[in-house]
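In what follows, a structure is listed as structure tokens, so that the remarks can point back to it.
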Amino acid sequence: MGLPSKSKPLQLKHFMSSSKFKPLAMNLGRLTINLSILETHLPKCKNLKQFNQILSQMILTGFIRDTYAASRVLKFSTDSSLSDIDLSLRIFNHIENSNGFIWNTMMKAYIQRSCPQKTLSLYKLMLGKNGDRDNYTYPILVQACAMRASEFEGKQMHSHILKFGFDSDVYVQNTLINMYSVCDNMRDARNVFDEMPVLDSVAWNSILAGYVRVGDVKQAKCIYDQMPVRNTIASNSMIVLFGKRGCVTEARHLFDELPEKDMVSWSALISCFEQNEMYEEALDMFVKMVANGVMVDEVVVVSVLSACAHLSAVHTGKLIHGLVVKIGIESYVNLQNAFIHMYSSCGEIMVAEKLFNAAYNLDQISWNSMISGYLRCGLVEAAKTSFDSMPEKDVVSWSAMISGYAQHDRFSETLALFQEMQLCGIRPDETTLVSVISACTHLAALDLGQWIHAYIRKNSLKVNVFLGTTLINMYLKCGCVENALEVFEETAEKGVSTWNALILGLAMNGLVEKSLEMFAKMKTRGVTPNEITFMGVIGACRHMGLVDEGRRHFDSMMQEHKIEPNVKHYGCMVDLLGRAGMLKEAEDLIESMPMTPDVATWGALLGACKKHGDHDRGERIGRKLIELDPNHDGFHVLLSNICASKGDWDGVHEIRGIMMQHGVVKTPGCSMIEADGVVHEFLAGDKKHPRMKDIEVMLDEMAQKLKREGYAPDTNEVSFDIDEEEKETVLFRHSEKLAIAFGLIAISPPSPIRIIKNLRICNDCHMAAKFVSKAFGRDIVVRDKHRFHHFKQGSCSCNDYW
DNA sequence: TTAGGGTTAG
């Protein structure tokens, strides 16, 4: 920053190769240096020593005071690789009689070394000295502003240009167009362009490049069509723009029409296919490119490898690897990283690892690709080891590892790593937070989730589609409908997934009508529903037993939206019919399915049989199911429950035997509850909690109060052949009751008691929760495997239909 | 009397 670093004054000794003055190596002999000698000898300089000797001669003889001679020697210094920028600056500072050329040369030198801020500092110095600016000066300065992408500085420069009257210079105008384009200000770029009396090819190309940069297809096309001369670069840029904006047909057409296609034309089209998820086309095009003898470089190969990764085309990837080695470009870091990504995407993690270990020029992306590769292949531990040994971790590394934990259902570790990241002072970005919020959702860690929401607001992070959807989902899955609706309204960028989260979540919370309303609203807003939307919509109908409406939506999938119902949609319909007691219709629908029904579909019918007491149908289907899926614990349990409710204890024992035989273990009921930011977990019959004594006392109090209110335990739920009193004790140790008791102790009103259960809530716990909400005057929110139950004043939001 | 400035794609 600031002015170019102060250089030491130019003294003769700087240019002496030793303290002893030697005669010029270039045979200057005893000749006094003059212009002609300078001009013949400067270009012949082979090393810094020779250059220094000429320079020292000039100082010694005072010839450096000749402005023209000084400008030649400075120019040589800035252009030649023999000298460096510090020496150039020392020469520049030594020149007493400087002129515009000399200033321009020094300012240009900083541009060439990518130090535009030093160019601008020199300009300030020049202004102070009222230096000799000329029409060569401002193109350099405007370019410096463009390099800094600083519209503020650019505009200042523009006003100087007007003030000093350089605005009619075509070079100046062209750099202004470029500067405004780089700053994405196409309005001012266009103003300059429109006012140019004579447009040369640079002006056309610059304005086109601007429209391409901001992605304005309409204007770019307009300019391209009007261009008097179109070069390949212009055409290639248009292909790129079409690709970026999803106009694949136009890109392909333009490519076909090109009279001359170069390497960039081919790779622009290939990248267009790749970006628009047309991976086969990308590969085909690459094959044609090679067949046509077009040169291939590392940039195009990176695109093609990405296509291979998406297609899992490891064989093609290996062929390309061979080609890359043959043409000798394999050591490009980007290419190595693309190979690591391709191989790990195709499951060839060992190959990726070998490449990674063999590479000598690893960068941050290499490490991040390797970690993501391990995670993609499910090797979470290997990823963590690699992560721990990284020399430097950036936000991408942390996000990759955090999302890796989240995607492998290791939610506590997700949150722990997030905390560690913060301790390391790395600021999370939108991507990181999506994974963390998703972990909060699974763990029902609402406190942390809300903290993150506040963090997003405080740091004005952009709530993009993913983040918005994740937040809405979290609030709905934690039973906070109001908050979810608020985020939904605030989210500017709404995708189909955002609507889906809302439709599914509202229905889960028992707000079926609102959910269906949102579905209607979504369609009027022009958002096209997808198959997940219909899962939500039919699911909503299922929560309230809206059979006719559900059927209507199911039929509309094909008729209106051309979406073929999949096995899950059928399963959902079977569940809807079954729950409503239409068991025969449900079974008929299964028989009429165009695909093989999955176990979940039969399972839905089995559940319905249990609910509606159709024991015969239930037993028939249950036996079929445990054959189809002998490892599924839930079906065995349901079947055994059906036997139990018939009083068929032999059947119960038989099923138990089958379970033992297959090693099927019933998933224990588990409830989670968050108190003061800590998540507590309860298993059925659990006695391990540190506050178990208090909980026992509360359970007794609950039992007494509930009985007074008229609660009678529903012992039908217990499928053990034990007496009624014992059954009641078992019932009162269900995990959700333990959690409710704990909630009554640990969470002070009016905060609701929020519980998450891994299985579906049983009849008895549902009834008990209703009584507790009344007898203790507490709101209880239970999220079970399928939906929410908001208990308030003795009733539940599900209206006892679940 | 010399010398120097601008755009551009995958």
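Because only heavy atoms are used, hydrogens play no part in the values below, and waters and symmetry mates are left out as well, while side chains stay in. Lettering of chains follows the sequences in order, A, B, ..., and the numbering in each one begins at 1.
- Summarising the geometry, the separation between CE on Met238(A) and P on dT8(B) is reported as 16 Å, rounded to the nearest angstrom.
- Taking 4.0 Å as the cut-off between side-chain N and carboxylate O, Lys221(A) and Glu250(A) do not count as a salt-bridged pair.
- Ring geometry for Phe193(A) against Trp204(A) counts as perpendicular: the plane angle is over 60°, on a 0 to 90° scale with 30° as the lower cut.
- Summarising the geometry, the separation between CE on Met227(A) and C1' on dA9(B) is reported as 12 Å, rounded to the nearest angstrom.
- Nearest nucleotide to the Asp134(A) side chain, out of dA9(B), dG5(B), dG4(B): dG4(B).
- Closest contact between the side chain of Val172(A) and the listed nucleotides dA3(B), dG5(B), dT2(B) involves dG5(B).
- Comparing dT8(B), dA9(B), dG4(B) by their nearest atom to the side chain of Asn104(A) picks out dG4(B).
- Contact annotation for Thr105(A): no contact, since no heavy-atom pair falls under 4.0 Å across all strands.
- Contact annotation: Arg213(A) does not reach the phosphate of dA9(B) (side-chain N/O to OP1 or OP2, under 4.0 Å).
- Regarding contacts with the backbone of dG4(B), every side-chain N or O of Lys75(A) stays at 4.0 angstrom or more from both OP1 and OP2.
- In this structure, the nucleotide among dA9(B), dA3(B), dG5(B) sitting nearest to the side chain of Val264(A) is dA9(B).
- Between Tyr180(A) and His158(A), the angle of the ring planes lies from 30° to 60°, which puts this pair in the tilted group.
- Atom P of nucleotide dG5(B) and atom CH2 of Trp103(A) are separated by 19 Å, given to the nearest angstrom.
- Separating the CZ atom of Arg72(A) from the P atom of dA3(B) is a distance of 8 Å, rounded to the nearest angstrom.
- Proximity of Asn178(A) to the phosphate of dT7(B): a side-chain N or O atom is located under 4.0 Å from OP1 or OP2.
- At the heavy-atom level, Asp79(A) lies nowhere under 4.0 Å from the strands shown.
- Closest contact between the side chain of Asp262(A) and the listed nucleotides dG4(B), dT2(B), dA9(B) involves dA9(B).
- Residue-level contact check: Val299(A) touches the bases, meaning some heavy atom is under 4.0 Å from a base atom.
- Donor-acceptor pairing under 3.5 Å, judged by distance alone, is absent between the side chain of Tyr136(A) and the base of dG5(B).
- Here Gln173(A) does not reach the OP1 or OP2 of dT7(B): none of its side-chain N or O atoms lies under 4.0 Å away.
- Side-chain proximity of Asn135(A) to dG5(B), dT7(B), dG10(B): nearest is dG5(B).
- Below 30°, between 30° and 60°, or above 60°: for Phe356(A) and Trp367(A) the angle between ring planes is above 60°, a perpendicular geometry.
- Taking atom NZ of residue Lys108(A) and atom C1' of nucleotide dG5(B), one finds them 7 Å apart after rounding to whole Å.
- Closest approach to the Asn205(A) side chain among dT7(B), dA9(B), dG10(B) is made by dT7(B) (side chain taken as heavy atoms from C-beta onward).
- Per the geometry, CE belonging to Met147(A) stands 11 Å off P belonging to dT8(B), to the nearest Å.
- Between the side chain of Ser267(A) and the base of dG10(B), at least one donor-acceptor pair of N or O atoms lies under 3.5 Å.
- Here the side chain of Asn236(A) is nearest to one of dT2(B), dA9(B), dG10(B), namely dA9(B).
- Remark: the Glu274(A) side chain and the Ser303(A) side chain contain no N/O donor-acceptor pair separated by less than 3.5 Å.
- If you check every strand for non-hydrogen atoms under 4.0 Å, Met263(A) touches a base.
- In this structure, OH of Tyr138(A) is placed 22 Å from C1' of dT7(B), rounded to the nearest angstrom.
- The aromatic ring of Tyr171(A) sits over the base of dG5(B), with ring centres less than 5.5 Å apart and planes tilted by under 30°.
- One can place CG of Leu208(A) at 9 Å from C1' of dT8(B), the figure rounded to the nearest angstrom.
- Under 3.5 Å, the side chains of Asn368(A) and Asp394(A) contain a donor-acceptor pair of N or O atoms.
- Residue contacts shown for Glu39(A) are absent, as no nucleic acid heavy atom lies under 4.0 Å away.
- Between Lys462(A) and Glu430(A), no side-chain nitrogen of the basic residue sits less than 4.0 Å from a carboxylate oxygen of the acidic one, so the salt-bridge criterion is not met.
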